[in-house]
Amino acid sequence: ELDDDYITIESEDNNEIEFKSKLDINPRKGKILWPYPVNYMSEDETNEKNNSSQHADDNKKREQRFLRFSYPQSPIVDLMMQTVGINYSPHTNDPFEFLRDSYPLPKGYSQPLDEYDYIIVGAGAAGSVLASRLTEDKPRAMVLVLEAGKPEMLLSDIPALALYLQRTDYTWQYSMEHQPGVCLGSEEQRCFWPRGKAVGGTSVTNLMLYTRGRPQDWDRIAADGNYGWSYNDVLYYYKKSERAELKKYKNAEYRGREGELTVENIPFKTGLVEAFLQSGRDFGHPTVDYNAPDQFGFGYAQTTTNKGHRLSSAKAFLHPHKRRRNLHILSETRATKVLIEPQTKRAYAVEYIRNGIKYTARCRREVVLSAGPIASPQLLILSGVGPREHLENLGIPVVADLKVGRTLYDHIAFPGVIFKLNTTNASLLEPKVATLPNLMQWLQFGDGLLTTPGLIEALGYIKTSQSEDVELVPDIALVSMGGSITADAGGATRKAWRISDKTYYTAFGPLSGSDTWSAVPLLLQPKSKGYLELRDNNPYSYPKLYGNYLTDPKDMATLKEAVKYIIRLGESEAFKKYNPKLFLPEYPTCKNHAPGSDSYWECAIRTMLITVHHQIATCKMGPASDPYAVVDPELRVYGIGGLRVVDSSIIPRPTSAHTNAPAIMIGEKGADLIKNTWLNVVS
Ligand SMILES: Cc1cc2nc3c(=O)[nH]c(=O)nc-3n(C[C@H](O)[C@H](O)[C@H](O)COP(=O)(O)OP(=O)(O)OC[C@H]3O[C@@H](n4cnc5c(N)ncnc54)[C@H](O)[C@@H]3O)c2cc1C
């Protein structure tokens, strides 16, 4: 039952539109005044979801794919993905609701309140921790969490399905704007930037690797004027969350044992990971715990999983506390604007849309944006906090002139260094992995082939000759895979990167069904810098995303050197028993380059460039003297009271870490910063 109190009758431009809920859930069939068209979706969303012929096409293609490559070997993949909800239509009832987690309001509440102490936008990697910590102390603060996505379900916990999730409605289907010369092999030559849209955010759809970065990464951030962010400062928060279950290292003094977030090694390994680590040792890279502050080398992957099941931030931090009376979580609810009092410049409320109806929730203490590196800056700009000229062009009144979205760094990678193995049963191939016995084994014991996250088995950190760093900080991470992009014969893996049919089948078709090994070089310290801006002032439009990848020639030179290093590893003694042969794909874009030549590799990198989705710095943290800073070192938005950003968007410069563990650490630290501010205030 909906209440009139929760329908906001107001408009910014008197643009009255009759309201008709899609699901027809409004019992009063009332009118609301709407500043933008109700049914408008971004171009991408419209294409993805509303275009029924496209939908039919997709289904047909999908059917063909399964008939051609998986079925009848892996009907189980089809079953699992239909269950998770691939192409799940919002217009039908969800038949798998019983498998989904849920976050009802606590007992005694039939609807959310008008006013809370804190309002958190986004229950992602950082937002989930923050919500959990802000609701744990007595006297209890009332916290509202608004999350656009839906709760997880049983099968989204299967690590091997991580890449399959990227084209489901558990993700925002962002794509970068077209940039000439990169992602040439992708559909529409645009790099794909999916992000998690779920209670748990991107920690529900990511590849679960747990990495903290080198001590120097954080010490440099602190040295830039960000007090409280040195390695020793952040180590305290990494340890606070962690419950290390790593075989050899769990009792090391830099690891946490009492936290909620289990970090473990992957239960299943192929022999290829041993060859990779051995080749590393042969080349002078010891096998180490790569999260140890004083060790540098290669190591088995460490993942945020619990007994082989994905442990998202929501599962770790929200799920156990969902009955707390002061924690109100609204899933499938989209925040559209932070309301800021123009005179006092204080954030006092958040507008949000739930089931097609617009509501306003007021806030007594602080609004916190934890919507991630694309949506947090988007919401700031929609609320009048952004670059003045951009706001004026969008017709949004300027509340604060800040460089929101003007800095964007990312980690890019190249999944095209592949060895064909002249042995069978050496690598992971979809028909072998996705079987009913494997599913049963995972369900019963949490081990087996389904526990490998997107084929990843180990990481190796190296410093190439391109690096000008005087300290021992890596510029490349090598990700060793128990196979390659061809493991599912053109299915989920290449779709998760949106590699086009033409590129995939021309280049990799000959490898179909073969055993392979590959290592993916990941550029850790990119020199190229991107940015984002809004397409228009409609909160349902996806922002325009500009990666500006490889615009600094140093980035290409570093990646090329890494490619050559991987080739040396693959051709070394350690891999000999697999009789590997470097496979040089014939990319349609690289016909004029002699296979294996320097120019071939440059062309191949430009064709198969992917992001590993570590976009940061769009709400850059920095001291007041930094003209690009959006938040101060206590994560407060400059010039606005009662408004912070607590998520990966605040990380000011590239680090050697994947961004999930840092986002969780930021959630922990953000919670302490907020609690300290309100220490002596009782609501
Ligand atoms: C495919 C993929 C693989 C990855 N693999 C790894 C990995 O192996 N290891 C690693 O460390 N990192 C990995 N990452 C990156 C990492 O997971 C993210 O950087 C991290 O989770 C970001 O955390 P966050 O809290 O900043 O944002 P998110 O976790 O993205 O949370 C933001 C939340 O806000 C919600 N939201 C957005 N807009 C609104 C709105 N208007 N109203 C309400 N809610 C909103 C979103 O739905 C989302 O739930 C990967 C990312 C991707 C996409």
Side-chain angles (χ1 to χ4, degrees), residues 119-130 144-152 159 162-167 169-174 192-213 263 301-305 310 312-314 329-338 350-354 369-379 382-383 410-411 413 453-454 456 459 477 479 493 496-497 522 539-540 542-543 610-616 618-619 645-651 655 657-667 670:
I119 301 177
I120 301 172
V121 179
S128 298
V129 192
L130 182 66
L144 175 67
V145 183
L146 304 171
E147 169 52 53
K150 56 189 177 189
E152 298 163 82
L163 290 174
Y164 293 76
L165 294 175
Q166 306 311 316
R167 302 289 287 268
D169 56 0
Y170 275 115
T171 54
W172 303 86
Q173 304 275 307
Y174 298 120
F192 187 38
W193 288 21
R195 296 202 65 84
K197 184 181 186 185
V199 182
T202 308
S203 70
V204 173
T205 59
N206 71 8
L207 289 164
M208 293 155 272
L209 292 172
Y210 180 87
T211 61
R212 296 172 172 181
V263 178
Q302 301 172 12
T303 52
T304 44
T305 47
R310 176 192 289 280
S312 73
S313 208
I329 301 166
L330 300 182
S331 60
E332 296 177 81
T333 301
R334 184 138 161 183
T336 49
K337 191 176 180 181
V338 180
V350 177
E351 269 181 16
Y352 65 92
I353 292 171
R354 184 167 167 76
L369 298 182
S370 298
I374 296 173
S376 283
Q378 180 187 22
L379 280 165
L382 288 168
S383 312
D410 197 2
H411 285 154
I456 294 172
L459 295 183
V479 183
T493 310
W497 298 326
L522 203 151
Y540 281 79
Y542 283 173
I610 57 165
T611 166
V612 285
H613 318 286
H614 296 169
Q615 294 92 14
I616 54 159
T618 47
C619 298
V645 181
V646 178
D647 61 25
S648 58
S649 69
I650 64 102
I651 302 171
T655 72
H658 296 235
T659 39
N660 193 48
I664 291 169
M665 175 276 286
I666 291 165

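Numbering of residues begins at 1 and proceeds along the displayed sequence. Order of appearance sets the numbers: ligands from 1, and atoms from 1 within every ligand.
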Heavy-atom side-chain contact between P159 and T303 under 4.5 Å: no
Closer than 4.0 Å to some heavy atom of G196 - which atoms of ligand 1 meet that? 46 (C), 47 (O), 48 (C), 49 (O)
Where do S128 and A123 come nearest, in terms of heavy atoms and distance? OG-O, 3.1 Å
When only distance counts, is T202 in polar contact with ligand 1, meaning an N/O pair under 3.5 Å? yes
Any idea which heavy atoms bring Y540 and R334 closest together, and the distance? CA-NH2, 3.4 Å
Tell me if a side-chain donor or acceptor on S649 pairs with a main-chain N or O of P373 at a distance below 3.5 Å. no
For atom 26 (O) of ligand 1, the protein heavy atom that lies nearest, with its residue and separation: S648 OG, 2.7 Å
Nearest neighbour in protein (non-hydrogen) for atom 19 (O) of ligand 1: T659 OG1, 2.7 Å
Going by heavy atoms in the side chains, are R167 and Q173 under 4.5 Å from each other? yes
Consider ligand 1: state whether an atom of it lies below 4.0 angstrom from any non-hydrogen atom of T171. no
Distance filter under 4.0 Å to V121 heavy atoms, resulting ligand 1 atoms: 42 (N), 43 (C)
Polar atom proximity, A335 to ligand 1 (N or O, under 3.5 Å): yes
Closest non-hydrogen contact found for V199 with S331 is CG2-CB, 3.7 Å
Could you go through D410 and H614, starting from their C-alpha distance and side-chain angles, then the distance that decides it, and tell me whether this counts as side chain to side chain contact (heavy atoms under 4.5 Å, CB included)? CA-CA 5 Å; D410 197 2; H614 296 169; 4.1 Å; yes
Work out which heavy atom in I120 is nearest to a heavy atom in S370; give both atom names and the distance. CG2-OG, 3.9 Å
What pairs with L207 under side-chain contact (heavy atoms from CB on, under 4.5 Å), at least two apart in sequence or on another chain? A162, L163, I456
For residues D647 and I666, determine if any side-chain heavy atom of one lies less than 4.5 Å from a side-chain heavy atom of the other. no
Below 3.5 Å, N or O to N or O, backbone or side chain included: is there any such pair between N660 and ligand 1? yes
Consider every N or O of G127 and every N or O of ligand 1, then say whether any pair is closer than 3.5 Å. no
With only distance considered, is A375 within less than 3.5 Å of ligand 1 through an N or O on each side? no
Quick check: A125 and ligand 1, any N/O pair under 3.5 Å apart? yes
Of all the atoms in ligand 1, which lie at a distance below 4.0 Å from a heavy atom belonging to R334? 41 (N), 42 (N)
Relative to atom 39 (C) of ligand 1, which among A371, A657, A123 owns the nearest non-hydrogen atom? A371
Do I374 and R195 have side chains that get closer than 4.5 Å, going by heavy atoms? yes
L144 and L330, any side-chain heavy atoms less than 4.5 Å apart: yes
Is M208 close to ligand 1, meaning an N/O of one under 3.5 Å from an N/O of the other? yes
Salt bridge (charged side-chain N to carboxylate O under 4.0 Å, His left out) partners for R310, two or more places apart: none
Atom 25 (O) of ligand 1 has as its nearest protein heavy atom A126 N, 2.9 Å
Suppose we measure from atom 43 (C) of ligand 1 to each protein heavy atom; which comes out shortest, and what is that distance? A148 N, 3.3 Å
For ligand 1, which atoms have a heavy atom of A663 less than 4.0 angstrom away? 23 (O)
Could you tell me the residue and atom name of the protein heavy atom closest to atom 49 (O) of ligand 1, and the distance to it rounded to 0.1 Å? E147 OE1, 2.7 Å
Residue, atom and distance of the protein heavy atom nearest atom 7 (C) of ligand 1 read L209 N, 3.6 Å
Hey, is ligand 1 close enough to G200 that some N/O pair sits below 3.5 Å? no
For the 3.5 Å polar cut-off, considering only N or O atoms, please tell me whether L379 and ligand 1 meet it. no
Does only the side chain of S370 get under 4.0 Å from ligand 1, or the backbone, or both, or neither? Count heavy atoms. backbone
Where's the contact between S313 and ligand 1, heavy-atom distance under 4.0 Å: side chain, backbone, both or neither? neither
With a 4.5 Å heavy-atom cut-off, do T205 and P194 have their side chains touching? no
Contact between ligand 1 and L146 is defined here as a heavy atom of the residue under 4.0 Å from a ligand atom; is it met? yes
Proximal ligand 1 atoms for P194, defined as those under 4.0 Å from one of its heavy atoms: 53 (C)
Taking the side chain as C-beta and beyond, is there a heavy-atom pair between D169 and K150 under 4.5 Å? yes
Within the 4.0 Å heavy-atom shell around L207, which atoms of ligand 1 are there? 3 (C), 4 (C), 5 (N), 6 (C), 7 (C), 8 (O)
Closest contact, heavy atoms only, V645 versus I650: O-CG2, 3.6 Å
Between ligand 1 and W172, can you find any atom pair, the residue atom being a heavy atom, that is separated by under 4.0 Å? yes
Quick one: does N206 get an N or O within less than 3.5 Å of an N or O on ligand 1? yes
Residues A496 and F192: closest non-hydrogen pair is O-CD2, 3.3 Å
Can you list the ligand 1 atoms lying under 4.0 Å from a non-hydrogen atom of Q166? 1 (C)
Quick test: of every protein heavy atom, which one is nearest to atom 27 (O) of ligand 1, and how far off is it to 0.1 Å? G372 CA, 3.5 Å
Residue and atom name of the nearest protein heavy atom (relative to atom 2 (C) of ligand 1), distance in Å to one decimal: H613 CD2, 3.4 Å
Y210 side chain near H658 side chain, heavy-atom distance below 4.5 Å: no
Check each heavy atom of H614 against ligand 1 and say whether those closer than 4.0 Å belong to the side chain, the backbone, both or neither. side chain
